[in-house]
There are 2 protein chains.
Amino acid sequence: MKKKITLKQIARELDVSISTVSKALRDSIEISEDTRQKVQAFAKLYNYRPNNIALSLKNRKTKTIGVIIPEIVHHFFSKVIRGIELVANKRGYNVIIGLSNESFDKEVINMQMLANGSIDGFILSIAKETLQQQDYHHFKETINQGMPIVMFDRIVNDIHCDKVIIDDVKGSKNAVSKLLSNGCKNVAIITTKDYVSVGKLRTQGYLEALEDFKITPDTDLILKVDDELVSEDHLESLEKEIEGLFHNNKNIDGVFAVNELYAIIAMKVARNLGMKIPDEIQFIGFTDGVLSKHATPSLTTVNQHGQEMGEKAAGLLIDNLERESEEEQYTTIVIETELVERNSTK
Amino acid sequence: MKKKITLKQIARELDVSISTVSKALRDSIEISEDTRQKVQAFAKLYNYRPNNIALSLKNRKTKTIGVIIPEIVHHFFSKVIRGIELVANKRGYNVIIGLSNESFDKEVINMQMLANGSIDGFILSIAKETLQQQDYHHFKETINQGMPIVMFDRIVNDIHCDKVIIDDVKGSKNAVSKLLSNGCKNVAIITTKDYVSVGKLRTQGYLEALEDFKITPDTDLILKVDDELVSEDHLESLEKEIEGLFHNNKNIDGVFAVNELYAIIAMKVARNLGMKIPDEIQFIGFTDGVLSKHATPSLTTVNQHGQEMGEKAAGLLIDNLERESEEEQYTTIVIETELVERNSTK
DNA sequence: TGTCAACACGAAAACGTTTTCGCCAAGAAT
DNA sequence: ATTCTTGGCGAAAACGTTTTCGTGTTGACA
């Protein structure tokens, strides 16, 4: 087992100074052709690679991006990560991952662990609990210490930083409009409690679409799911709620859900109740994941372009990190959503 | 914007030496109660945190684990990551992610990027291309340089390191036996080309089950899919192949697929051909993902316990990193699979 | 009064780089 | 023969820690 070799060892072996070795390896003009070749040959032989940590310390840059997301077993977030990793790697950066698990405390701890020199900047999407408590001091402090942050998807407006979002309102409005122009008269929405920003915005889009079509919203058709109760394994309560929705409103002929899973479950409930999809009732979900594509019938969804969000976010962050000027000006990139039409709509 | 504060700055402000500050903060007995309190108060005020990079350089440990996986938009791999992150964090480690994208070159480059001091050890699952080329020099070199590796799921036997796997043969054998005891007479298998180790093993399990039931395997019932051709968006060719399988073998009454997607697609094809599931034909897939649970009918699968694999892998690696003794002895942990019965089987 | 332990603190090395500066010798120019 | 350039190299600082090893001051004790 040969341990990693250092400049010092090369210097000792070749009986020159450390400076000479360093310069020779970096093709400095100061070094004679002779010694340069000698050093380079030796380095190659022993497979020398500069120690990254030492470089980071010296340059006060780690060339590493910290990503904090609420959950990784999730199609959307993993797509974002893929996007981040793609451009980060292309531009010579590594990606280090922290999972908040939707918890405020874990989010804070994770940020502290990484903010002490391990990374150059953050890309993150806020945990539900944080949004609920509305405590954003850790973001502010991080930014104050000079570490840039890019937020994506779940953002909060009064933090001053780069952001990558989709136009949730527009995306939902489009989707619901689609249902309405397809002839639906009574479109229900399955959404989350208001504290999750995106749920709120998507509900707004729903309402705007109704307004466009001169329909007065019916609060009975707005189902706000308490997603505390809906874990991966606890879907029964969700099914019950949706069953209730259908039961109390026999005339529902369209459903818009603010995420993929809700839509899939709703379709399942409807099917069990004997409703024909898409003839009697049509469905559209938000977020285009694997489920939508392979469900029966396949689900029409609003594609969020997760990978592109990741790419843009990483681009913004690295641009910021490598920018010379000190002037702080923050950008918000809005990614266009796309309605992917499948068989759950006419 | 107040930049991060260092020991040196504290020392200057308080007019003591750097050593004193360091010791005071670590509650050294050498320092008087007076100065200790003074220093600690000042440090708290300015929110001092030791620079991680400097510590890494000094300790020659980064407390960071490198994870290299072929793909992240994948239920199984993201579950493994979640497991890794869970125990890594609990034990004070960070997780840095590299995606090989199933490419040999990217795998090598990623390992080189991380092996230069950025991390203390690797957890990885081998890229398809690497398995195909059977070039494992980068693993051997990494291990030779004293950096421990833990492989999971897709492993290769002649590399000497810790491993976490499932018993693919046993898992498949169980699944196929289930089909056979459920009354299936002609069970087909949809598998991958042989170079991916797990495909091979799962096929072996299939054959063993047949043997147990005194059935001679029919090569027509073994469909080896060239997964080069099956990308996320290119499923038509796969559907065609499966259609061909059903067409040429009208008597198929059971299908075992070596992954979730193949099983879902096969169910879809069967349904389109008018076959009744599970009455006329039964399905079992491998890997328990979201698709299986929400498919119609829901799919019986072999659960690989991805999160547990991640936890065990991280445990092995950290144990190794923190082990005092130099004796190298490598463990292979075999995770038990579990047949999750749903509605695609009787 | 002189010696010694205990106490409180500082200097410096070390981790592995890069880079600035200074130095010496040799050859060129005057 | 003296001065000036220049090529080639080394010393040392710096990044931010921790830790070992002094060192000076104080008080106690003989």
Side-chain angles (χ1 to χ4, degrees), chain A residues 3-40 42-43 46-64 113-120 145-147, chain B residues 2-40 42-43 46-64 114-120 145-147:
Chain A
K3 277 275 177 194
K4 298 235 52 159
I5 197 171
T6 69
L7 286 187
K8 192 193 279 192
Q9 294 168 43
I10 301 184
R12 197 179 308 147
E13 290 294 321
L14 263 49
D15 212 36
V16 290
S17 78
I18 296 182
S19 342
T20 305
V21 178
S22 175
K23 290 172 190 164
L25 290 176
R26 325 198 91 239
D27 284 329
S28 161
I29 193 179
E30 284 185 36
I31 304 299
S32 72
E33 187 62 24
D34 247 26
T35 38
R36 213 181 65 196
Q37 297 206 347
K38 199 172 56 178
V39 171
Q40 295 195 350
F42 192 90
Y46 281 87
N47 196 30
Y48 169 79
R49 309 234 182 255
N51 180 311
N52 239 319
I53 293 293
L55 286 180
S56 297
L57 184 58
K58 179 136 191 53
N59 302 330
R60 277 178 287 181
K61 287 183 188 164
T62 60
K63 289 272 190 177
T64 302
M113 270 191 86
L114 297 181
N116 301 317
S118 302
I119 61 163
D120 295 340
Q145 294 194 347
M147 176 154 310
Chain B
K2 43 176 185 187
K3 277 275 178 194
K4 299 234 52 159
I5 198 170
T6 69
L7 287 187
K8 193 193 281 192
Q9 294 169 42
I10 300 184
R12 198 179 309 147
E13 291 293 323
L14 264 50
D15 211 38
V16 291
S17 78
I18 297 182
S19 341
T20 305
V21 177
S22 174
K23 288 173 191 163
L25 290 175
R26 322 199 93 239
D27 284 329
S28 162
I29 192 181
E30 284 185 38
I31 304 299
S32 71
E33 187 61 23
D34 247 24
T35 39
R36 212 181 66 196
Q37 296 206 347
K38 199 173 56 179
V39 170
Q40 294 195 351
F42 191 90
Y46 281 86
N47 196 28
Y48 169 80
R49 309 235 181 255
N51 179 309
N52 239 317
I53 294 293
L55 286 180
S56 297
L57 183 60
K58 178 131 192 59
N59 302 330
R60 276 179 288 185
K61 285 183 189 163
T62 61
K63 289 273 191 175
T64 302
L114 297 181
N116 302 316
S118 303
I119 61 163
D120 295 341
Q145 294 194 348
M147 177 155 309

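Numbers restart at 1 for each chain; the letters A, B, ... are given by sequence-line order, proteins then strands.
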Asker: Would you say a side-chain N or O of A:Y48 is under 4.0 Å from OP1 or OP2 of C:dT17?
Answerer: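 Affirmative; the distance criterion is met.
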Asker: In terms of side-chain heavy atoms of B:S22, which of D:dT19, C:dG16, C:dT19 is nearest?
Answerer: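 My answer, after comparing the listed nucleotides, is D:dT19.
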Asker: Considering only heavy atoms from C-beta outward, does the side chain of B:N51 approach that of B:K4 to under 4.5 Å?
Answerer: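 When only atoms from C-beta onward are counted, B:K4 and B:N51 do not touch, as no gap falls below 4.5 Å.
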Asker: Is there a donor and acceptor pair closer than 3.5 Å between the side chain of A:K23 and the base of D:dG8?
Answerer: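 Per atom types, no contact qualifies.
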Asker: Are any non-hydrogen side-chain atoms of A:L7 and A:Y48 less than 4.5 angstrom apart?
Answerer: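 Yes, side chains in contact.
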Asker: Between A:L55 and B:I29, which is nearer to the 5' end of DNA chain C once each is assigned its nearest nucleotide?
Answerer: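 In this pair, the answer is B:I29.
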Asker: Where the side chain of B:E30 meets the backbone of B:K23, is there a donor-acceptor pair that is under 3.5 Å apart?
Answerer: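 No, because the side chain of B:E30 does not come within donor-acceptor range (under 3.5 Å) of the backbone of B:K23.
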Asker: Counting just side-chain N and O atoms, does A:R26 come under 4.0 Å of either OP1 or OP2 of C:dT17?
Answerer: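 Negative; the distance criterion is not met.
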Asker: Salt bridge check, B:D120 against B:K63: does any charged N sit closer than 4.0 Å to a carboxylate O?
Answerer: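 Looking at B:K63 and B:D120, the cut-off is not met.
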Asker: Please tell me which of the listed nucleotides, C:dT17, C:dA11, D:dT17, lies nearest to the side chain of A:P50?
Answerer: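 Nearest to the side chain of A:P50 among the choices is C:dT17.
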Asker: With DNA chain C as reference, determine whether B:N59 or B:S19 sits nearer its 5' end, using the nearest nucleotide of each.
Answerer: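 Its nucleotide being nearer the 5' end, the pick is B:S19.
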Asker: D:dT25 P sits how many Å from B:E30 CD, rounded?
Answerer: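 Atom-to-atom, B:E30 to D:dT25, this comes out as 18 Å.
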Asker: Tell me: CG of B:D15 to P of C:dC9, nearest whole Å?
Answerer: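 So the two atoms are 12 Å apart, to the nearest Å.
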Asker: Are there more than 12 heavy atoms of other residues, nucleotides or ligands under 6.0 Å from atom CG of A:D15?
Answerer: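 Open: at most 12 neighbouring heavy atoms sit under 6.0 Å from CG of A:D15.
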Asker: Please report how far the helix from C:dT1-D:dA30 to C:dT30-D:dA1 bends, comparing the axis fitted to its first five pairs with the axis fitted to its last five, to the nearest 10 degrees.
Answerer: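 The end-segment axes of the helix from C:dT1-D:dA30 to C:dT30-D:dA1 are tilted 90° relative to each other.
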Asker: Classify the side-chain pair A:Q9/A:E13 by whether it contains a donor and acceptor separated by less than 3.5 Å.
Answerer: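 Absent: no donor and acceptor within the cut-off.
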Asker: Just the rounded figure in Å: distance from C1' of D:dT17 to CD1 of A:I53.
Answerer: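 After rounding, the gap between these two atoms is 13 Å.
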Asker: Measure CD/A:E33 against P/D:dC9 and give the value in whole Å, please.
Answerer: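 My rounded result for the distance is 11 Å.
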Asker: Can you tell which of C:dC9, D:dT17, C:dG16 lies closest to the side chain of B:S32?
Answerer: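 For B:S32, the side-chain atoms sit closest to C:dC9.
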Asker: How long is the line joining CG of B:L7 and C1' of D:dA14, in whole Å?
Answerer: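 Going from B:L7 (CG) to D:dA14 (C1'), I get 15 Å.
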Asker: The side chain of A:S17 is closest to which nucleotide in this list: D:dT17, D:dG10, C:dT17?
Answerer: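 Side chain of A:S17 sits closest to D:dG10.
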Asker: Rounded to whole angstrom units, what separation is found between the NZ atom of B:K63 and the C1' atom of D:dT17?
Answerer: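 It works out to 16 Å between those atoms.
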Asker: I want to verify a distance call: between D:dT17, C:dT18, C:dG16, whose nearest atom is closest to the B:K58 side chain?
Answerer: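 Selected nucleotide (nearest to the side chain): D:dT17.
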Asker: Could you walk me through whether A:S22 and A:S19 pass side-chain hydrogen bond (donor to acceptor under 3.5 Å, both in side chains), step by step?
Answerer: CA-CA 5 Å; A:S22 175; A:S19 342; over 6 Å; no
Asker: Does C:dA8 have its OP1 or OP2 closer than 4.0 Å to a side-chain nitrogen or oxygen of B:T35?
Answerer: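 For B:T35, the contact criterion (side-chain N or O under 4.0 Å from OP1 or OP2 of C:dA8) is not met.
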Asker: B:K38 has an atom NZ; how far is it from atom C1' of C:dA8, in whole Å?
Answerer: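 It is 12 Å, rounded to the nearest whole Å.
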Asker: Return the value, rounded to whole Å, for the distance between atom CZ of B:R60 and atom C1' of D:dT18.
Answerer: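 So the two atoms are 13 Å apart, to the nearest Å.
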Asker: Does any non-hydrogen side-chain atom of A:I5 lie less than 4.5 Å from one of A:N47?
Answerer: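 Side-chain contact under 4.5 Å: no.
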